[in-house]
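See below for the structure under consideration.
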Amino acid sequence: MKTNLSSQIKLDRIPRRYYAPTGEIELAALTREEKTYTRIFENSTEGSKYLAIHIVERIEKAIAEHGHCVIALGAGRGTHSVYKELIALYEKGKVSFENVIIFNLNEFFPLKADGPSTFKRLKEILFDHINVPAENLHTFNPGVTKDAMYDYCRSYEQEIEAAGGLDLTICEIGAMGSLGFNEPGSLSSTNCRLVLLSGETRQAIAKDYGVDEAPTSAITLGIGDIMRSSRVMAMAWGESRAKVVAEAIEGPVTEALPASFLQLHNHARIVLDLDSAEALTRLSMPWKVTTCEWTDKLIRRAIVTLSQAINKPILKLTDKDYKENGLNELVALYGSAYNVNIKVFNELQHTITGWPGGKPDADDTYRPERANPYPKRVIVFSPHPDDDVISMGGTLKRLVDQHHDVHVAYETSGNIAVGDEDMMRYFMMMDKIAPKFGFDTEGYEKLTREVREFVANKKDGEVDLPEIREIKTMIRQAEATIACNFIGVKPGNIHFLRLPFYETGTIKKGDLSERDVNIVKKLIEDVKPHQIFVAGDLADPHGTHRVCTDAVFAAVDELKDEPWMQDCRIWMYRGAWAEWEIDHIEMAVPISPEELRFKRNSILKHQSQMENAPFLGDDDRLFWQRAEERNRATAKLYEDLGLASYEAMEAFVEYHPIR
């Protein structure tokens, strides 16, 4: 069973030689915009293995030179896969940590006994599994007071110097370009100190550690301490890091982006996966650094990028525009800019359709979806019980109105996203209803008493009672059902899959298993769809979308050789976090002003996810606001390129099962 197919979504548009060239000369050309040594791998697993091997090499070299190796370790989520690979190498006898001295890169302050701790996390994911001596583990004293903080931080640095200085620092590049807890505004000269944590960082901490309230401050080694390390190995995984990674590697050195200081380190190494590297010049605009393998998608990207850069519609671009912006190759290949313009314009025009299920009895030569069969059986997979309407509410309504047999499958219960306050509203109402209509039974009285007592005494990160999780599930299911009814989905076509990986009761979820995949697989086998819509938005802040997408792709992979499955097209939508780049878009469904209002009302049916939704990420806009602005921005982009003007658009990319 293949459970990581989402990581390969973008491989079809990135030739390997762009990110892993075999020759040094080509590497030098490709990386001439990059100011820090950077390695790119297809996925985080390969990148983590590479890092682990080089960490082991550094350990062995330091021990050979002076008898021990001194390392500062970060505990960010991105480092965990690297530590897993280090454990695997240790278990194979490839490395010993007996002569390794480890210093904690940062720690929360004040440190609560039952609160999050980076050292405790490092112990769980690494120290407990290797042979590093306890006396070689150094972390910050939780008992230090603020008054004594300055002197304490100097003594922590002196401990490092007494051990011989840092041979290696291992950390991830944070969402805002932070290193450790050195956030934007940190100077290159900063040393170990107490820092206040930003709201974005605290949100990430709350998610990673499964707490409602994250610490407001922390102690961290400074940029100066990291820069004094003999070697620095930093990593970033996932498309949510792409923009900040590109700025840190290719942009100016600035205190507004602490990771950019790595440009000044002679032995810094940044390791990325394809998703986090996608905004680097060699991947996003390879024509600027090398001769290209000109695919249709790359040509489209180049022309759209040019059109946006010089603020001209596609059909007004000239040979001079091409030549002044490094696109001479295309003029030579196609004879003139006009020929390329027409090609790209027509391709974009053909992505637009008001018939997402295909237009019956119509010539479908240039349409993104085939006309037959009609009507189609359609499954829309929604990771949470609102992603369907947030991401493709307008398209969903079109499919229903155009008489396709539409099924909506909610993959998770979404129960942890229901706040206690929202749940208690229902109990307050039931307390009024129960005695009036004779529902005040002994069982109900017992339930409401237990729930109220639990909520009143609930601690940060505490797992809800099973009964509470079930009630919150019912709330999400009721809202989803109301939204489906509003759109016109048949009651029998609403499926609540409740995939087991999600049902931990905490923010941290389990791994995708065969049980999850089999549930998805059974629905697909039962429906035998002609179309599947699935979330392709892998940047959601809690990671559930990626797991849900992998569950669908794993099921498709097992069914792809079935005759009926070979007649099924799979379309990926994106949700509240990002939109497809225009060079990827293969179907764009226009939305009228009336349809956009209808979509907003569909989203508003999910009342528990309005103002009190706990997972809005680092974007303060509500989900309906994000959806509308994103859909309007897509339509505006098409308009600016010289195509028809619409109120809004929802965009889709076709997924082709890997064979």
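Everything numeric in this text was worked out from a predicted model, so none of it was measured. Heads up: numbering here begins at 1 and tracks the sequence.
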Compute the ring centroids of Y655 and F553, then answer whether they are less than 6.0 Å apart. yes

S284 and E278 side chains, donor-acceptor separation under 3.5 Å: no

Measuring only between side-chain heavy atoms, which start at C-beta, is Y502 closer than 4.5 Å to I416? yes

Evaluate K605 against D386 for salt bridge (Lys or Arg N to Asp or Glu O under 4.0 Å), listing each step before the verdict. CA-CA 9 Å; K605 303 300 181 188; D386 58 357; over 6 Å; no

With heavy-atom distances below 4.5 Å as the criterion, would you say the side chains of S608 and E479 are in contact? yes

Applying the side chain to side chain contact (heavy atoms under 4.5 Å, CB included) criterion to P529, which one of I524, D567, V378, I570 satisfies it? I524

Y374 and K359, any side-chain heavy atoms less than 4.5 Å apart: no

Between E558 and K521, is a side chain to side chain contact (heavy atoms under 4.5 Å, CB included) present by the stated rule, with each step listed? CA-CA 8 Å; E558 294 188 9; K521 184 178 172 183; 3.0 Å; yes

When you measure from the centre of the six-membered ring of Y334, is the NZ or CZ of K343 under 6.0 Å away and within 45° of the axis? no

Mind checking whether P360 and W355 have side chains closer than 4.5 Å, heavy atoms only? yes

Salt bridge flag under 4.0 Å for residues K599 and E650: yes

Under 3.5 Å, is there a donor-acceptor pair between the T318 and Y338 side chains? no

Residues L643 and I352: closest non-hydrogen pair is CD2-CD1, 4.2 Å

What one should report as the nearest heavy-atom pair of A555 and V520 is CB-CG1, 3.9 Å

State, without any angle test, whether S382 and E411 hold a side-chain donor-acceptor pair at a distance under 3.5 Å. no

Quick check on N311: does its CG atom have over 12 non-hydrogen neighbours (other residues, nucleotides or ligands) under 6.0 Å away? no

To check you understand the geometry: which heavy-atom pair defines the closest contact between A371 and D364, and what is its length? N-OD2, 2.8 Å

Side-chain touch R282/I40, heavy atoms, less than 4.5 angstrom: yes

Between R546 and D275, is the closest basic N to carboxylate O distance under 4.0 Å? yes

Using atom types as modelled and distance alone, determine if a side-chain donor or acceptor of T290 lies under 3.5 Å from a backbone N or O of C292. no

Judged by modelled atom types alone, do W294 and E329 share a side-chain donor-acceptor pair under 3.5 Å? yes

For ring-ring contact (aromatic ring centres under 6.0 Å, His included), just list the numbers for F41 and Y19, CA-CA rounded to whole Å, side-chain angles, deciding distance to a tenth of an Å, and then say yes or no. CA-CA 7 Å; F41 293 87; Y19 63 90; 8.6 Å; no

N415 side chain to E503 side chain, donor-acceptor N/O pair below 3.5 angstrom: yes

Below 4.5 Å, heavy atoms only, C-beta onward: do L327 and L306 meet side chain to side chain? yes

Donor-acceptor pair, distance only, cut-off 3.5 Å: does the side chain of T481 make one with the backbone of Q477? yes

Could you pull out the closest heavy-atom pair between G78 and W237, with the gap in Å? O-NE1, 2.8 Å

Side chains of E647 and S592: any donor to acceptor distance under 3.5 Å? no

Under 3.5 Å, is there a donor-acceptor pair between the E33 and T281 side chains? no

Donor-acceptor pair, distance only, cut-off 3.5 Å: does the side chain of Q402 make one with the backbone of G354? yes

Mind listing the closest non-hydrogen atom pair of L317 and S307 along with its distance? CD2-CA, 4.2 Å

For H350 and Y366, indicate whether the former's side chain and the latter's backbone hold a donor-acceptor pair under 3.5 Å. no

Under a 3.5 Å distance rule, please check whether S276 uses its side chain to pair with a backbone N or O of L272 as donor and acceptor. no

Criterion side chain to side chain contact (heavy atoms under 4.5 Å, CB included) on D387 and M392, from CA distance to verdict: CA-CA 8 Å; D387 289 312; M392 53 172 291; over 6 Å; no

How about F623 and H606: are their ring centres within less than 6.0 Å of each other? no

Looking at the rings of Y410 and F381, which for Trp means the six-membered one, are their centres under 6.0 Å apart? no

Side-chain donor/acceptor of T351 to backbone N/O of I585, under 3.5 Å: no

Separation between CG (D388) and OG1 (T395), nearest 0.5 Å, reads 11.5 Å

Charged N to carboxylate O under 4.0 angstrom, D401 versus R398? no

Measure centre to centre between the rings of H384 and H545, then say whether the value is under 6.0 Å. yes

Less than 4.5 Å apart, any side-chain heavy atom of V489 and any of N485? no

Show the numbers, then the answer: is there a salt bridge (Lys or Arg N to Asp or Glu O under 4.0 Å) between E595 and K397? CA-CA 8 Å; E595 288 170 325; K397 177 64 172 169; over 6 Å; no

Mind running side chain to side chain donor-acceptor pair (under 3.5 Å) on Y646 and N631 for me, showing each step along the way? CA-CA 10 Å; Y646 295 99; N631 294 159; over 6 Å; no

Residue pair I471 / V418, side-chain heavy-atom distance below 4.5 Å: no

Between K528 and E562, does any NZ, NE, NH1 or NH2 come within less than 4.0 Å of an OD or OE carboxylate oxygen? no

Apply the test side chain to side chain contact (heavy atoms under 4.5 Å, CB included) to residues D296 and R300: give CA-CA distance (whole Å), side-chain angles for both, the deciding distance (0.1 Å), then the verdict. CA-CA 6 Å; D296 288 344; R300 192 197 298 185; over 6 Å; no

Tell me whether the rings of H407 and H495 are parallel (<30°), tilted (30 to 60°) or perpendicular (>60°). parallel

When you compare the side chains of Q531 and E369, does any donor N or O come within less than 3.5 Å of an acceptor on the partner? yes

With the threshold set at 4.0 Å, does a side-chain nitrogen-carboxylate oxygen contact exist between K490 and D405? yes

Any donor-acceptor N or O pair under 3.5 Å, side chains N325, K288: no

Is the gap between the ring centers of F652 and F533 under 6.0 Å? yes

Checking side-chain polar atoms at under 3.5 Å, does W571 have a donor or acceptor matched by the opposite partner on E586? no

Can you list the steps and then say if L396 with V406 is a side chain to side chain contact (heavy atoms under 4.5 Å, CB included)? CA-CA 8 Å; L396 183 56; V406 179; 3.6 Å; yes

Measure across R370 and K376 and return the closest heavy-atom pair with its distance rounded to 0.1 Å. O-NZ, 2.8 Å

